[in-house]
Structures are given as C-alpha cells and as structure tokens.
Number of protein chains: 2
Amino acid sequence: MEISIATLERLPKYLRILKKHKEEKTVNISSTAIANELYLNSIQVRKDLAIVSKNDGRPGIGFDVEELIKDIEEFLDLNNKKDVIIVGAGRLGQALMNYKEFENDISIVMAFDKDKSKCNNKTIFHIAEMENLVKKLNIHIGIITVPKEEAQNVCDMMVKNNIKIIWNFAPINLKVPEDVVVRNEDLSASLSVLLKGIELNKGCKGD
Amino acid sequence: MEISIATLERLPKYLRILKKHKEEKTVNISSTAIANELYLNSIQVRKDLAIVSKNDGRPGIGFDVEELIKDIEEFLDLNNKKDVIIVGAGRLGQALMNYKEFENDISIVMAFDKDKSKCNNKTIFHIAEMENLVKKLNIHIGIITVPKEEAQNVCDMMVKNNIKIIWNFAPINLKVPEDVVVRNEDLSASLSVLLKGIELNKGCKGD
DNA sequence: TTAACATCGATATTTTTTTATCGATGTCAT
DNA sequence: ATGACATCGATAAAAAAATATCGATGTTAA
C-alpha cells in the first residue's frame, strides 16, 4: 500500500496524542477518539493506521495504544536517530538545534555558520570547514537556516558533500540534482493560508 | 471560484519568483517558465493564476509580470499589513520577529514572554500584561512560540483577548472555540515527510 | 442469555486535485 | 505575407484523497 504525504504528515500527530494517552495509562483508544482530538474523520484515522500497523483494532474497544505507538515509530523509523548537519546558526537555527520534539528522530551532529565563534555549548564550525568534515562522516541530511541570499550556495556545498536530503527554511527554490530531495519549509505559504483562514475556515483546526 | 488550500500555498511561491523576475526587468513570463522554476505543472500554474487574476496570459508571450504581482498581492491582501502579537520570545519567536519575508504581510506589534526583560530593541512584555494591552488594540492574530506545556494556557489567554486567528508553533493540538482558527506549524510532520523522502521522492522539489 | 451498543474493516462513493487534450490566438523569423 | 511555433483557456479525463455505507465482531449491562 502506497502511503500518501498527507497520511505521512498525520502520523506524528497520532503519535503525539497516543503518547499522551500512554502517559495517562490509557490502554485502548478508538479511532473516533483520536479523530476527535485532531479534528479529523475517524475513517481517515483507521485507514491511516491500517497502512502502518498490522494490529487490528478491536470492535467495541479500539486500538492498543502501546502497539500503535510501536508500529508508527517503526514505520517512521524513529528511535533510530539520523545524523544531521545544520547550516545557519542564527535564531532559527538555534531554535531547531534545541527543539526537543526532534530528540528521538534526529541528532544534529554538526552546525555551521559564517560566524565561527557563535555557540551555545555546541561548537559552531565555519562553513568553509564543511568540505573537510562532512564528507567522511557519512551524513546525508542537511538543514538550511541561512538567509535566502546564501541558501543556494550552502545547498551546493551540501550537495558536493554528499547530502541527499535537504530541509530548507530559506524562502527560495533551490536547484539540486535529480538524486537530491528538498523539502521547503515555506513559512510565507503557511502565513498566506493563515491570513485567508477566516474566509476558508476549514481544514485549519486539524492542521 | 473556490480557492483550495493547495493553491493558496502556491501563491507566495509564484509571488516570489515573479518579484525576482521583475527585478531582472522581465516583462512577460509564461506559465511554463514559472512551472519549471517551481517544479510544478504549467497547467496547474495557469489554473491557479486564473483564480486570482483577471488578466489573461497572451499566447506566445505569457503573462505580464507586474500585473500578476499586483493581482496576487491584492488577492492575498498583502501590503495591507496586519497587526499581530507573538507570545514566546525564545529563539524561534525572535527568529519570526526578524523574518524579513513577512515584512510586507504582518507587523508584529507586540511580543510577550514570561521573562519580561528579554528584548532585541523591542520591548517584550510579560504575559500577564496581555489582558490590559491587547484587548483594546483590536488585534486578531496571534503567534504562539512557547514550549508545548504552556501553549494551551497562552492560547486560552489569546482567545480571551479576542484573538481569532492563531499560528501555533508548539507541537500540541490546541482546543479553541468554534470561531477561532488555528493553524499548526507542525515541524515534526514535516520532518517525517522529509525522512521518508528518499522512498517517496516525489512532490518534494516543489514543496 | 440476550439485547443494545460501540467499533471495526472492507468496499463503494463522493469530492478534490492534478494532469491531459485540443482548438484558438497571436508571435516571430523567413 | 505566411508557415512554424509558443502559449493560452476551456473542457475532459485521470488520479488521489476524503467520506459514507454496511455487515461483522465483540462488549457491556440488564
């Protein structure tokens, strides 16, 4: 079964509330309950879960919370922290470096900036050092949090250093070779949707 | 014509490259050219543009860059800066306060934190002061950049102070009354898609 | 025990979004 | 002029996503 990006984006949301329920000692949870919390449709929840879990829900009872957590985490290959570098140690970069929600998913092993001295108990390397450091470390994921003027340059350096997956926070469309995947975190796009939110007023509570 | 969220999210991307082309003195641009830059389909671009602009493209020539910019900006009601408050003046909050891309869209008129003394040439008010300050200012948009533990509290305060649109960066599902719109900026969801990106390898260059 | 109920999964339907087709229009080089 | 070409918009088709229907299963409380 092919998983869609939409489903993929919902999985962490399921995970989040499942973990909350686990903390509260909930053993079982129904798709309806999950759906209500996330302002989604329960059928959608069941379909999503069916993709990532072979554990059926029990009629009248719901799904086993712990099993679901395990299955989703396994599907997303979490708890198998991936090494990541980040370039751009400004405010946004630092925010990401300290974002607790990522702690189980990725490990930011190295940070670069044009301003070498910056730090927050982590060494920030100068961008020029990337060449020597990254290639041999077998890291394939990079985050770009530099101003848009420098983003393409940074991207090119990453590509040269064997980075294959790029999470780009700069508002610019990066040019990359075929085998490199870019995901743009486009805050302006989000803002547009938000500001039109009043008129549309749909699909917003849930995401 | 109803506009979809997907289209809405693409508009800022169009705007961005149109502005770039305007700077380069391009007068006309074809839907194909736009599509190529954004890794989209040209038909999709034309359909999107048809929704927001009455200016037809000219066969053999393309669209008038300046007119398109004007039409998209008008549609998104930009250049009519909206007043916004932000709660949470940590790294992420500061990053947003200084994000240049937003400058024409929103004006962050007031920032709050539980740590009053923080600032960066802008006064950061204590959260408790929200009650006195925000209600009378007729501000309806709020950004939440506090840790998830405090997010619901902050949200409740915003609602009490007449905020109707909330941009939430905390990884939690906020409970709000019917007439309040929430948009969650869910970085974990993005990360999930990113990390699965290799397998899917689609729809990622474009967004 | 049994009747009312909650919940499920499978299949079908609807809706939304994306992409293709194609005739029309207008440009540009010869 | 005129023929080859680029590009458009409108309509149609295809693909993807969300939602509804419904019989089956199992729970719970009288």
Side-chain angles (χ1 to χ4, degrees), chain A residues 1-11 13-14 18 21 26-65 67-68 71 189 193 196 199-207, chain B residues 1-11 13-14 18 21 26-65 67-68 71 189 193 196 199-207:
Chain A
M1 173 47 116
E2 253 316 329
I3 191 166
S4 70
I5 290 181
T7 296
L8 211 38
E9 287 182 338
R10 283 188 293 265
L11 293 180
K13 298 180 207 288
Y14 299 148
L18 287 168
H21 279 277
T26 315
V27 178
N28 296 106
I29 189 167
S30 72
S31 58
T32 314
I34 297 176
N36 285 344
E37 287 201 47
L38 294 170
Y39 301 96
L40 297 174
N41 180 300
S42 67
I43 302 164
Q44 188 172 55
V45 172
R46 285 203 295 279
K47 279 186 105 180
D48 286 343
L49 296 181
I51 292 174
V52 300
S53 173
K54 276 117 284 162
N55 293 104
D56 280 3
R58 292 162 65 201
I61 294 285
F63 296 85
D64 183 300
V65 173
E67 281 179 348
L68 270 194
D71 289 342
V193 178
K196 278 274 167 183
E199 295 157 47
L200 290 158
N201 196 18
K202 98 178 221 207
C204 293
K205 296 274 169 64
D207 69 330
Chain B
M1 171 50 117
E2 253 315 329
I3 191 166
S4 70
I5 289 181
T7 296
L8 210 38
E9 286 182 338
R10 284 189 291 266
L11 293 180
K13 297 181 206 291
Y14 298 147
L18 287 169
H21 279 278
T26 315
V27 177
N28 296 105
I29 189 168
S30 73
S31 60
T32 314
I34 297 175
N36 286 343
E37 287 199 49
L38 293 171
Y39 300 95
L40 296 173
N41 181 300
S42 66
I43 301 163
Q44 190 171 55
V45 173
R46 284 203 293 279
K47 279 187 105 179
D48 286 344
L49 295 181
I51 292 173
V52 299
S53 173
K54 277 117 281 160
N55 293 105
D56 281 3
R58 292 162 63 200
I61 293 287
F63 294 85
D64 183 301
V65 172
E67 280 180 348
L68 271 193
D71 289 342
V193 178
K196 279 275 169 184
E199 296 157 46
L200 290 158
N201 196 18
K202 99 177 222 211
C204 295
K205 298 274 171 61
D207 69 331

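All chains are named by letter (A, B, ...) in the order of the sequence lines, taking the proteins before the strands, and each is independently numbered beginning at 1.
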Original post:
Which nucleotide sits closest to the side chain of A:Ala6: C:dT18, D:dA18, C:dT7?
Top reply: D:dA18
**OP:** Look at the side-chain N and O atoms of B:Ser30 and state whether any lies under 4.0 Å from the OP1 or OP2 oxygen of D:dC8.
**Re:** no
Original post:
Could you state the CD1-P distance from A:Ile5 to D:dA18, rounded to the nearest angstrom?
Top reply: 12 Å
Original post:
What is the distance, rounded to the nearest whole Å, between atom NZ of B:Lys47 and atom C1' of D:dA13?
Top reply: 11 Å
Subject >> Sole candidate of A:Asp56, A:Asn55, A:Ile51 that passes side chain to side chain contact (heavy atoms under 4.5 Å, CB included) when paired with A:Ser53 >> reply: A:Asn55
Original post:
Could you give the CD-to-C1' distance, from A:Gln44 to D:dA20, as a whole number of Å?
Top reply: 13 Å
**OP:** Give a yes/no answer on whether the side chain of B:Asn28 brings an N or O atom under 4.0 Å of OP1 or OP2 in C:dT27.
**Re:** no
**OP:** Using a 4.5 Å cut-off on heavy atoms from C-beta on, say whether the side chain of A:Ile34 contacts that of A:Leu18.
**Re:** yes
Original post:
For DNA chain C, what is the dot-bracket line, given that a base pair needs Watson-Crick (N1 to N3, plus N6-O4 or O6-N4) or G-U wobble (N1-O2 and O6-N3) geometry with both distances under 3.5 Å, and | means paired with another strand?
Top reply: ||||||||||||||||||||||||||||||
**OP:** Check whether any side-chain heavy atom of B:Leu38 lies under 4.5 Å from a side-chain heavy atom of B:Val45, and answer yes or no.
**Re:** no
**OP:** State, yes or no, whether a side-chain contact exists between B:Val52 and B:Leu11 at a heavy-atom distance under 4.5 Å.
**Re:** yes
**OP:** Check every atom of D:dG9, C:dT17, D:dA20 against the side chain of B:Asp56 and return the nucleotide holding the closest atom.
**Re:** D:dG9
Original post:
What are the two closest heavy atoms between A:Glu9 and B:Ala189, and how far apart are they?
Top reply: O-CB, 3.4 Å
**OP:** Considering just the side-chain nitrogens and oxygens of A:Thr7, establish if one lies under 4.0 Å of OP1 or OP2 belonging to D:dA17.
**Re:** no
Subject >> Contact summary for B:Gln44 and B:Leu40, nearest pair of heavy atoms >> reply: OE1-CD2, 3.8 Å
**OP:** Name the closest nucleotide to the A:Ile43 side chain, picking from D:dT21, C:dC8, D:dG9.
**Re:** D:dT21
Original post:
Would a 4.5 Å heavy-atom cut-off, applied to side chains only, mark A:Tyr14 and A:Leu49 as touching?
Top reply: yes
Original post:
5'-most contact on DNA chain D: B:Thr32 or A:Arg10, nearest heavy atom basis?
Top reply: B:Thr32
Subject >> Spacing of A:Ile29 atom CD1 and A:Ile61 atom CD1 [to the nearest 0.5 Å] >> reply: 13.0 Å
Subject >> Protein-nucleotide distance (B:Leu49, atom CG; D:dA10, atom P), rounded to Å >> reply: 13 Å
**OP:** Grab the CG-C1' distance between B:Leu68 and D:dC8 for me, whole Å please.
**Re:** 13 Å
**OP:** With the side chain of B:Phe63 defined as its heavy atoms from C-beta on, choose the nearest nucleotide among D:dT19, D:dG9, C:dG9.
**Re:** D:dG9
Original post:
Tell me: CG of B:Asp48 to P of C:dT19, nearest whole Å?
Top reply: 11 Å
Original post:
Between B:Phe63 and B:Gly57, which heavy-atom pair has the shortest distance, and what is it?
Top reply: CE2-N, 3.3 Å
**OP:** In whole angstrom, give the distance that lies between atom CD1 of A:Ile29 and atom C1' of C:dC8.
**Re:** 15 Å
Original post:
Reckon A:Ser31 touches a base, only the sugar-phosphate, or nothing at all at heavy-atom distances under 4.0 Å?
Top reply: sugar-phosphate
**OP:** Using whole Å, report how far CG of A:Asp64 lies from P of C:dT7.
**Re:** 16 Å
Original post:
Which heavy atom in B:Gly62 sits nearest to a heavy atom in B:Asn28, and how many Å separate them?
Top reply: O-ND2, 4.5 Å
Original post:
Which letters describe nucleotides 22-30 of chain D, given B = protein heavy atom under 4.0 Å from base, S = only from sugar-phosphate, - = neither?
Top reply: ---B-S---
